[in-house]
Number of protein chains: 2
Amino acid sequence: MREQKQSTTTDAVYELLCRAIIEQALQPGMRLPEDTVGEQFGVSRTIVRHALVRLETMGLVVSRRNRGAFVAEPSIEEAQQIFQVRRCLETEVIRIGIETMSEEDFEQLDAHVRREQAIRGKDGPVSIRLSGEFHILLAQLSGNEVLARYVTEVVLRCSLIMAMYAKSHSSDCAVDEHSQIIEALRTANADLAVSLMEHHLGAVAERAAFKKAPDTVESILSRYGKELAH
Amino acid sequence: MREQKQSTTTDAVYELLCRAIIEQALQPGMRLPEDTVGEQFGVSRTIVRHALVRLETMGLVVSRRNRGAFVAEPSIEEAQQIFQVRRCLETEVIRIGIETMSEEDFEQLDAHVRREQAIRGKDGPVSIRLSGEFHILLAQLSGNEVLARYVTEVVLRCSLIMAMYAKSHSSDCAVDEHSQIIEALRTANADLAVSLMEHHLGAVAERAAFKKAPDTVESILSRYGKELAH
DNA sequence: GGCAAGTTTTTTGTATCCAATCGATACCTT
DNA sequence: AAGGTATCGATTGGATACAAAAAACTTGCC
């Protein structure tokens with residue numbers, strides 16, 4: 001908000017790729033050749049490359065030397081690690097937010113939840129994205145920008161994980177929980193807010209954990225070594 | 001350890017710049033022209049640029065469009081935010097580490113502390129770097145790679161902050177505290193370990209907070225608006 | 001002497017080009 | 001026919017070249 005940070009072409013490509021991955025247009029494991037992406041967006045490989053570097057440091061893509069970039073396929077272990085960090089960070093967001101957030105902030109959150117409710121029932125990528133954006137918004141409103149950046153990263157990676165593993169893309173239950181969290185924050189009920197958030201993330205994680213059984217050869221092999229999968 | 005991740009030239013330049021910043025060879029606010037850096041390391045601007053992008057996403061450098069990259073000058077507020085996140089992450093490291101760490105891991109930590117003690121008394125950049133590396137090692141041994149990455153980032157940024165603000169570069173008191181933390185982990189005393197870590201980070205943060213008075217014009221201006229300083 | 005506008009110079013942003021590396025296919029050997 | 005090896009193609013890693021923007025300098029005017 002306070003930094004105008006005039007955006008460059010790289011940022012735009014980065015944003016687009018990011019959304020495309022989160023919304024599953026680009027599916028996990030898919031190759032991202034630099035020149036292919038480049039000519040799609042009408043920019044040179046240089047730009048694409050920078051965007052891919054950023055996406056790689058975020059963990060949304062992995063790149064192998066002289067092989068190129070691929071949309072990340074987080075393993076179960078990696079997913080668990082990400083969820084663990086996310087829980088840690090988001091409870092901190094709650095603790096900070098309860099001290100610092102204003103009514104104006106709460107209204108922003110309310111507005112977001114209404115947007116989520118508007119597409120209630122329509123499962124799919126957009127639902128996942130909106131659900132994630134609630135958490136990102138919450139983190140931003142905490143006022144700690146560093147924290148917000150990390151939350152953004154883990155939420156995006158979680159979105160990818162959800163898209164990969166969740167058997168249903170439904171996020172219905174989550175929306176109500178979002179409202180409850182806002183209310184707990186409003187009433188400055190720290191313990192409740194934290195436990196709500198933990199429960200919420202636990203629920204999200206569980207829906208990811210007990211998903212599609214590893215019924216294909218590929219999915220089994222992918223556990224034992226990504227490098228062989230391609 | 002388990003990923004060989006053959007390193008590229010970009011990685012090397014990144015590492016070097018990173019160390020140079022942490023050890024204060026490159027001081028906060030200093031410009032980093034791409035071709036200057038490039039010819040120093042004997043590589044082209046392309047490489048330097050990639051390294052700078054990575055350093056920027058880490059928060060060690062800031063870059064302004066068409067102006068170039070500068071070593072970051074974290075403000076007091078930013079520093080506080082970073083310390084807050086760091087405390088949050090490192091207490092999580094302790095909680096995980098106490099469950100998962102083996103005697104072998106503890107020995108690695110011991111070895112590192114011995115290395116720190118070896119240069120005890122010699123204040124300065126190297127001391128700050130080693131002190132930070134203890135925390136990074138600890139995070140890596142926790143087994144959660146995602147957590148370790150974030151801890152690495154905040155520790156590096158803290159090192160920059162210390163270098164900027166701490167009046168003395170001394171890290172003497174820290175070394176003993178490191179040993180105490182290892183012992184608490186060894187004896188699986190979770191509460192003690194967490195409180196030791198919190199105390200340790202509190203002490204570190206305080207030494208940063210009560211530092212060099214803003215005695216130069218630049219340092220004063222930098223508080224009131226970075227964009228005016230240049 | 002100071003200020004302002006125009007010009008020069010430096011530096012970044014982007015595109016293109018060359019070389020090195022990896023994977024795949026085809027061929028040769030056993 | 002199966003396995004190993006060599007060549008070929010595709011794609012990235014890295015360097016150079018060109019364009020645009022900003023900073024610095026100069027010059028003229030008040």
Side-chain angles (χ1 to χ4, degrees), chain A residues 3-17 21 26 29-58 60-73 218 221-222 225-230, chain B residues 3-18 21 26 29-57 60-73 218 221-222 225-230:
Chain A
E3 300 223 355
Q4 201 53 305
K5 233 347 181 180
Q6 40 200 332
S7 67
T8 151
T9 315
T10 303
D11 294 325
V13 173
Y14 162 80
E15 293 279 352
L16 285 171
L17 285 176
I21 291 172
L26 297 171
M30 207 170 254
R31 287 199 60 231
L32 299 171
E34 294 177 0
D35 43 11
T36 306
V37 176
E39 63 197 32
Q40 281 299 323
F41 291 118
V43 296
S44 86
R45 280 180 47 213
T46 312
I47 308 294
V48 178
R49 216 137 120 125
H50 281 236
L52 289 176
V53 167
R54 285 175 55 179
L55 286 167
E56 187 186 7
T57 66
M58 281 195 60
L60 287 183
V61 317
V62 294
S63 68
R64 288 198 259 288
R65 187 176 173 83
N66 291 318
R67 290 291 328 275
F70 302 77
V71 178
E73 300 175 280
E218 291 81 1
L221 287 181
S222 76
K226 294 243 174 306
E227 51 279 79
L228 303 176
H230 300 280
Chain B
E3 299 222 356
Q4 201 53 302
K5 238 334 183 187
Q6 41 201 331
S7 68
T8 142
T9 315
T10 303
D11 294 324
V13 173
Y14 162 80
E15 294 279 353
L16 284 171
L17 284 176
C18 193
I21 291 172
L26 297 171
M30 207 170 252
R31 287 197 61 232
L32 299 170
E34 296 177 359
D35 43 9
T36 306
V37 177
E39 65 196 30
Q40 281 299 324
F41 291 117
V43 296
S44 86
R45 282 178 47 214
T46 311
I47 309 295
V48 177
R49 180 172 268 271
H50 278 256
L52 289 176
V53 167
R54 285 175 55 177
L55 286 167
E56 187 187 8
T57 66
L60 287 183
V61 316
V62 293
S63 68
R64 287 197 260 286
R65 186 176 172 83
N66 292 318
R67 294 285 329 273
F70 302 78
V71 178
E73 301 175 279
E218 290 80 3
L221 288 181
S222 75
K226 295 242 174 304
E227 51 278 277
L228 303 176
H230 300 282

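Below, chain A is the first sequence line, B the second, and so on; all start at residue 1. Quick caveat: nothing in here was measured; it's all calculated off a predicted structure.
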Please find the pair of heavy atoms, one from L52(A) and one from V61(A), that lie closest to each other, and give the distance. O-CG2, 3.8 Å

What one should report as the nearest heavy-atom pair of G29(B) and F70(B) is O-CD2, 3.6 Å

Nearest of [options] to any side-chain atom of [X]?
| X | options | answer |
| --- | --- | --- |
| R67(B) | dA23(D), dT14(C), dG23(C) | dA23(D) |
| V43(A) | dT12(D), dA15(C), dG14(D) | dA15(C) |
| S44(A) | dG14(D), dT16(C), dT12(C) | dT16(C) |

Length of the [atom1]-[atom2] vector between [X] and [N], whole Å:
| X | N | atom1 | atom2 | answer |
| --- | --- | --- | --- | --- |
| E34(B) | dG14(D) | CD | P | 16 Å |
| E56(B) | dG13(C) | CD | P | 10 Å |
| H50(B) | dT14(C) | NE2 | C1' | 12 Å |
| F70(B) | dT12(C) | CZ | P | 9 Å |
| E39(B) | dT11(C) | CD | P | 10 Å |
| F41(B) | dA15(D) | CZ | P | 14 Å |
| R64(B) | dA20(D) | CZ | P | 24 Å |

Does any part of the side chain of D11(B), heavy atoms only, come nearer than 4.5 Å to the side chain of R54(B), both counted from C-beta? yes

Is there a side-chain contact between F41(B) and T9(B), using heavy atoms and a 4.5 Å cut-off?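 F41(B) does not reach T9(B) side chain to side chain.
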
Need to verify one output field. Residue with the more 5' nearest nucleotide on DNA chain D, G42(B) or R31(A)? R31(A)

For dT12(C), does either OP1 or OP2 sit under 4.0 Å from a side-chain N or O belonging to S63(B)?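 So the side chain of S63(B) is outside the cut-off, no N or O lying under 4.0 Å from OP1 or OP2 of dT12(C).
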
Does dG14(D) have its OP1 or OP2 closer than 4.0 Å to a side-chain nitrogen or oxygen of T10(B)? yes

Quick one: does R45(A) reach the base of dG13(D) with a side-chain donor-acceptor pair under 3.5 Å?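 When only heavy-atom distances are counted, R45(A) does reach the base of dG13(D) through a donor-acceptor pair under 3.5 Å.
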
Assess whether side-chain contact (heavy atoms from CB on, under 4.5 Å) is satisfied between L32(B) and V48(B), documenting all intermediate values. CA-CA 10 Å; L32(B) 299 170; V48(B) 177; over 6 Å; no

Given DNA chain C, 5'-ward residue of the pair T46(B) and D35(B), judged by closest heavy atom: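 The residue whose closest nucleotide sits nearer the 5' end is D35(B).
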
Toward the 5' end of DNA chain C, which comes first, N66(A) or R49(B), by nearest nucleotide? R49(B)

